[in-house]
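Here's the structure we're looking at; comments come further down.
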Number of protein chains: 2
Amino acid sequence: MSSKRDALLKSAKKLLWERGFEATSPRDIQDASGAGQGSFYHHFDGKLDLAATALEEVSIEMCELASELLDETVGGLDRVERFLVQQRDGSKGCRLGRFAMEASISEAKLRGPIDAYFRHLETLLVEALADAQRKGQLADDLMPADLAQMIIATVQGGFVLSRARRDKDAINRSGAAAMALLRRATKTR
Amino acid sequence: MSSKRDALLKSAKKLLWERGFEATSPRDIQDASGAGQGSFYHHFDGKLDLAATALEEVSIEMCELASELLDETVGGLDRVERFLVQQRDGSKGCRLGRFAMEASISEAKLRGPIDAYFRHLETLLVEALADAQRKGQLADDLMPADLAQMIIATVQGGFVLSRARRDKDAINRSGAAAMALLRRATKTR
DNA sequence: GTCTATAACGTGATAGAC
DNA sequence: GTCTATCACGTTATAGAC
């Protein structure tokens with residue numbers, strides 16, 4: 001039960017969220033965790049290995065959170081709304097999506113956990129949207145798969161917009177607007 | 001008419017688009033442009049200055065492109081559609097939005113051109129959406145300002161999703177889904 | 001399992017010749 | 001205005017003692 005390993009992982013998760021992969025050095029992580037060089041390279045193969053391990057844990061945490069928000073006990077569009085209008089801090093980025101524009105995303109070990117999260121989210125949203133269609137809350141000719149992508153993009157792009165505009169609430173206004181459109185897209189006539 | 005200055009700027013724009021700010025070194029730009037250290041530091045104060053100058057030019061180019069796509073000769077929602085369903089290559093990022101998650105976005109010289117582009121885009125979209133409302137193509141109780149943010153977020157998030165999923169068309173499916181929702185959000189009854 | 005010392009390299013920037 | 005040589009520093013990683 002190595003406590004230094006846990007400390008390194010905890011600090012890595014925090015710093016990767018705040019700064020991304022390229023801007024976080026092994027040294028930064030060591031200093032933040034209180035562990036030395038030796039512990040770092042004893043427990044992990046290197047920076048990439050530690051980051052990949054950290055992102056795997058983050059991916060699991062985020063998938064669990066999404067599963068709670070998109071819980072099947074709530075019906076159709078209400079479930080989507082709970083996910084979409086969840087209050088987010090736009091001054092930070094998505095703990096996983098923020099790595100998408102880094103060159104290191106080409107590393108399979110980093111992209112894997114991120115890809116897995118987005119696939120999980122898409123699956124949950126498609127189920128919720130299909131449920132909404134069965135309940136007559138959403139027009140049948142709209143494609144759940146495409147809408148799910150759009151919903152995820154609204155959130156991810158909201159983070160981008162909030163950071164660029166220094167308006168930490170832009171992401172929440174974007175989500176609310178998307179929800180308003182979804183609520184209107186009910187069967188016509 | 002210094003040709004090395006132009007070459008440095010041209011290479012900087014290309015490399016910044018491909019790799020972002022942090023992952024692009026002055027040396028990379030020198031090598032790509034054929035200019036040496038001397039030219040680099042003669043024409044620019046340093047990496048930040050060159051990048052800021054490059055992003056200012058990119059911002060102007062992108063604003064002009066947006067003005068063409070959202071040209072007022074086309075009515076309301078058709079204008080929005082021309083912007084939203086424009087085919088984009090999801091394997092690259094937005095030439096400006098891609099910097100949003102880098103720590104260097106806190107530098108006012110870098111954020112300025114990016115912020116200016118998003119503000120310009122928002123203005124054009126708000127006008128188009130208000131025009132659509134006047135023409136009865138869009139419900140009056142929807143807020144153009146919020147919808148504009150959502151539309152921009154859909155595009156920016158589409159890039160994120162495309163890169164993370166390695167699906168260069170995800171961005172275009174997201175845009176099409178958003179457009180489908182907008183088309184349905186006409187006055188009810 | 002953890003530490004400190006150090007290596008090999010790349011980065012952003014400066015100096016000074018031409 | 002452009003070049004080459006060089007610097008101080010930070011990065012990722014290794015070596016070897018404890």
Side-chain angles (χ1 to χ4, degrees), chain A residues 1-57 98-99 101-111, chain B residues 1-57 98-99 101-111:
Chain A
M1 209 46 43
S2 149
S3 75
K4 293 292 182 183
R5 193 189 129 99
D6 291 347
L8 283 162
L9 265 175
K10 186 176 175 185
S11 294
K13 288 200 265 187
K14 178 173 182 289
L15 292 175
L16 287 170
W17 187 8
E18 288 172 6
R19 311 179 187 175
F21 178 77
E22 282 154 10
T24 302
S25 74
R27 179 68 190 279
D28 292 335
I29 300 169
Q30 289 155 32
D31 291 349
S33 68
Q37 290 276 82
S39 298
F40 188 101
Y41 289 98
H42 174 76
H43 291 293
F44 302 98
D45 282 348
K47 178 184 172 177
L48 181 62
D49 182 48
L50 169 52
T53 306
L55 290 194
E56 279 164 26
E57 290 193 5
R98 67 155 300 146
F99 301 95
M101 291 303 158
E102 296 202 48
S104 45
I105 193 75
S106 62
E107 292 287 343
K109 288 180 73 176
L110 291 186
R111 199 182 58 258
Chain B
M1 205 49 44
S2 150
S3 74
K4 292 292 182 183
R5 192 189 129 98
D6 291 347
L8 283 162
L9 265 174
K10 188 176 173 183
S11 294
K13 287 200 264 187
K14 179 174 181 289
L15 291 175
L16 287 171
W17 189 7
E18 289 172 5
R19 311 179 188 176
F21 179 78
E22 282 156 8
T24 302
S25 74
R27 179 67 189 278
D28 291 336
I29 300 170
Q30 289 155 31
D31 292 350
S33 68
Q37 290 275 83
S39 299
F40 188 100
Y41 288 99
H42 174 75
H43 291 294
F44 302 97
D45 283 347
K47 178 184 172 178
L48 180 63
D49 182 48
L50 170 51
T53 307
L55 289 194
E56 279 164 26
E57 290 193 7
R98 69 154 300 147
F99 301 95
M101 290 303 157
E102 298 202 45
S104 44
I105 194 74
S106 62
E107 291 287 341
K109 288 181 71 174
L110 291 185
R111 200 183 57 255

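A note on names: the letters A, B, ... follow the listed sequences, proteins ahead of strands, and every chain is numbered from 1. Side-chain atoms are counted along with the backbone in the values below, which use heavy atoms only and exclude waters and symmetry mates.
The shortest non-hydrogen separation linking A:Lys4 to A:Ala35 is CD-CB, 3.9 Å. Contact record, B:Leu55 with B:Phe99: CD2-CE1, 3.7 Å, taken as the closest heavy-atom pair. Between A:Arg111 and A:Ser106 the shortest heavy-atom distance is NH1-O, 3.5 Å.
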Per-pair distances, 0.1 Å, donor-acceptor, side chain in residues 36-43 of chain B, under 3.5 Å, sequence neighbours excluded:
from: B:Gln37; atom 1: OE1; to: B:Gln30; atom 2: NE2; distance (Å): 2.6
from: B:His43; atom 1: NE2; to: B:Ser2; atom 2: OG; distance (Å): 3.1

Distance-only criterion, 3.5 Å: show the donor-acceptor pairs between side-chain atoms of residues 7-23 of chain B and protein atoms not counting sequence neighbours.
from: B:Ser11; atom 1: OG; to: B:Ala7; atom 2: O; distance (Å): 3.2
from: B:Ser11; atom 1: OG; to: B:Ser33; atom 2: N; distance (Å): 3.4
from: B:Lys13; atom 1: NZ; to: B:Glu57; atom 2: OE1; distance (Å): 2.8
from: B:Lys13; atom 1: NZ; to: B:Glu61; atom 2: OE2; distance (Å): 2.8
from: B:Lys14; atom 1: NZ; to: B:Glu18; atom 2: OE2; distance (Å): 3.0
from: B:Trp17; atom 1: NE1; to: B:Gly93; atom 2: O; distance (Å): 2.9
from: B:Arg19; atom 1: NH1; to: B:Asp28; atom 2: OD2; distance (Å): 3.1
from: B:Glu22; atom 1: OE2; to: B:Ala103; atom 2: N; distance (Å): 3.2

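Looking at residues two or more places apart in sequence or on another chain, you find a side-chain contact (heavy atoms from CB on, under 4.5 Å) between A:Asp49 and A:Phe44, A:Asp45, A:Thr53, A:Lys109. Under the side-chain contact (heavy atoms from CB on, under 4.5 Å) criterion, A:Glu107 pairs with A:Leu48, A:Leu110, not counting sequence neighbours.
At least one side-chain nitrogen or oxygen of A:His42 sits closer than 4.0 Å to the OP1 or OP2 atom of C:dG1.
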Exercise for the section: Go along nucleotides 3-18 of chain D 5' to 3' and tag each nucleotide: B for a protein heavy atom under 4.0 Å from its base, S when only backbone or sugar atoms are that close, - otherwise. Expected result: BBB-----SSBB----
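Rounded to 10°, the angle separating the first-five-pair axis and the last-five-pair axis of the helix from C:dG1-D:dC18 to C:dC18-D:dG1 equals 10°.
Nucleotide D:dT2 holds its C1' atom 15 Å from the CG atom of B:Asp6, rounded to whole Å.
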